[in-house]
**Q** 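One structure, pasted below without further comment.
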Amino acid sequence: MPDFPSRADGAVPPPGDSALDELLTAGQTPQDTAAGLQPVAAVLAALRAGPADAELAGQARALAEFRAAVRVSHRADRGRARRPVPFLAQLGSKLAIITAATAVAVTGTVTAAYVGVLPGPLQRAAHDVFAAPPAHGRPAPDAFRARRLHTRPAAARPLPVGSAGPFLPTVTGPPRLQHGQAGSARKHDRHKRHGHHQGHRSHRAADHGGMPGDQNGDGSADRSADHAVAREPGNQNNNRPALRRGDNPKAHHKGSRLQSPLPKAAAFPTPPAGPDRPGAGGR
Amino acid sequence: MGDEFAAVLAAAQNGSEEAFSALWRDANPALLRYLRVIAPAVAEDVAAETWVHVIRGLTAFRGDEAGWRAWLFTTARRRVIDEARRSARRPAVPLEEVTPADAPAAPDAADAALENLETQAAIALVGELPRLQAEVILLRVVAGLDTVTVARLLNRSPGAVRVAAHRGLRQLAEILSARRRNAMTGS
């Protein structure tokens, strides 16, 4: 082992931090350092000494690795340069994405139009373009159902009101005004102007299709819904004459939501208030 | 390497063998000295593995000479950690005892040891220090990294690195002083 220089008496004074920091900086020679740190400076100088041959023995191996890596890199670069970018593949994937997005958007819009939840102008445009339900106030949540009925076979389709059909709707119970239906006459006129009263009527018939007395099972017995009449389920007086449209022509133009198209007193007597008709006597 | 470093690095990244040789000759001795302290049994193997990793990532490297050295020694340190994990999973057991007389003679190695005796002795001396102190001194002195870079490499604070370096140098001075005293007493 080499003999690093040291103080003759072997005593080592405690070195200061700044002196130690200077030792660690490059270029510090043992002669530049304090006397107590000269042996340490000699050790650090030996650590910084030039390379020995043994420390350069692995150069050939490292060069071989470098050569192989460069060869692989060049081959990869050449391959990348030769192979054209698969433009069609990129275009195809983009087209697929755009097509899918368009299909989702169109399907969503059409569905919304048939359900009737589009904003007014859009709903009107949809109505003009592909016969979606027209826009009128609050969109009907069951317009889609009406549309489905509209596409039923002709035999099962209810006849329009204005047509001279084989029969007119029959009231099977004492007619009574139902809240919220009196304004249907006005709506009916508006629908007639749009030429879609048939679908609207069928929608109404579908709404009342399950009521007792529906002889045909398809809601045809309740076509009188346009006349804002209904029957009371518990009433036995089902032999009243059929109400015909136009019995009370004024009702079509009054427009009050609570106004009956039929004169209340003439159409049906006010039933006595009972426990099964809460509030019926209050009118 | 100084001002030439950027040009040499760029040439090596473009595939120049001469440039890569210059980088290797400049850094490999320091790398080996560092590895002989923290992984003496596998220093050469870990150094070769380190260069393989460095060559693979050479074209992507961006930085100055200090950054280059920091990258090199960080890679080496990670390889040492990997090697330690690997040997812990599969501990090597010597098949038979080999006496020094049976060991193959290597005249070149003997000459190199004599030639570089002081450096080998210094490495052995630093190897007696606690691991952190030895590593900090080697990274500061041999690799030429500053305190902040060493702290980042070792996942320590710069203050902790500075304290470890000072303690290591003081302990080195005490070891040298004690040896000197023993030598004087023995004679």
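These values consider heavy atoms only, across backbone and side chains, with no hydrogens, waters or symmetry-generated copies. Order of the sequence lines fixes the chain letters, A, B, ..., with proteins taken first and strands second; residue numbering starts at 1 for each chain.
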**Q** Less than 4.5 Å to any heavy atom of chain A: does that hold for the side chain of L32(B), its backbone, both, or neither?
**A**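 For L32(B), the side chain is the part near chain A, not the backbone.
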**Q** Please rank I55(B), L31(B), L138(B) by heavy-atom pairs under 4.5 Å with chain A and give me the top one.
**A**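 Most heavy-atom pairs under 4.5 Å with chain A: I55(B).
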**Q** Where does V126(B) contact chain A at under 4.5 Å (heavy atoms): side chain, backbone, both or neither?
**A**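 Just its side chain gets close to chain A.
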**Q** Under 4.0 Å between a side-chain nitrogen and a carboxylate oxygen: does that hold for R25(B) and E55(A)?
**A**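 Here R25(B) does not pair with E55(A) in a salt bridge, since their nearest N and O are not under 4.0 Å apart.
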**Q** Contact between D21(A) and H166(B) at the side-chain level, heavy atoms closer than 4.5 Å - yes or no?
**A**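 They are in contact (side-chain heavy atoms under 4.5 Å apart), so the answer is yes.
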**Q** If you count heavy-atom pairs within less than 4.5 Å of chain A, which of R140(B), E17(B), R56(B), E44(B) leads?
**A**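 Highest number of pairs under 4.5 Å: E17(B).
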**Q** Within a strict 4.5 Å, meaning less than it, do heavy atoms of the L37(A) and L169(B) side chains meet?
**A**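 Not in contact.
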**Q** So, does T119(B) use its side chain to make a donor-acceptor pair with the main chain of A46(A) at under 3.5 Å?
**A**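 Checking the backbone N and O of A46(A) against the side chain of T119(B), a donor-acceptor pair under 3.5 Å is found.
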**Q** Work out which heavy atom in L24(A) is nearest to a heavy atom in A165(B); give both atom names and the distance.
**A**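 Closest approach of L24(A) to A165(B), heavy atoms only: CD1-CB, 3.7 Å.
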**Q** With heavy-atom distances below 4.5 Å as the criterion, would you say the side chains of L20(A) and R162(B) are in contact?
**A**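 Answer no - side chains too far apart.
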**Q** Would the number of heavy atoms belonging to other residues, nucleotides or ligands and lying under 6.0 Å from CD of E4(B) be above 12?
**A**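 No, because the 6.0 Å sphere around CD of E4(B) holds 12 heavy atoms or fewer from other groups.
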**Q** For S16(B), is it the side chain, the backbone, both or neither that has a heavy atom under 4.5 Å from a heavy atom of chain A?
**A**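 Contact with chain A: backbone only.
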**Q** Applying side-chain contact (heavy atoms from CB on, under 4.5 Å), name anything that partners T74(B), two or more places apart in sequence or on another chain.
**A**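 Expected list: R78(B), L153(B).
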**Q** Grab the two heavy atoms, one from V40(A) and one from L176(B), that are nearest each other, plus how far apart they are.
**A**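 Smallest interatomic distance, heavy atoms only, reads N-CD1, 3.8 Å.
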**Q** So which bits of residues 59-70 of chain A come within less than 4.5 Å of chain B, counting non-hydrogen atoms only?
**A**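 Result: Q59(A), R61(A), A62(A), L63(A), E65(A), F66(A), R67(A), A69(A), V70(A).
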**Q** Other residues, nucleotides and ligands only: do more than 12 of their heavy atoms fall within 6.0 Å of CG on D3(B)?
**A**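 For D3(B), atom CG is not crowded (no more than 12 foreign heavy atoms under 6.0 Å).
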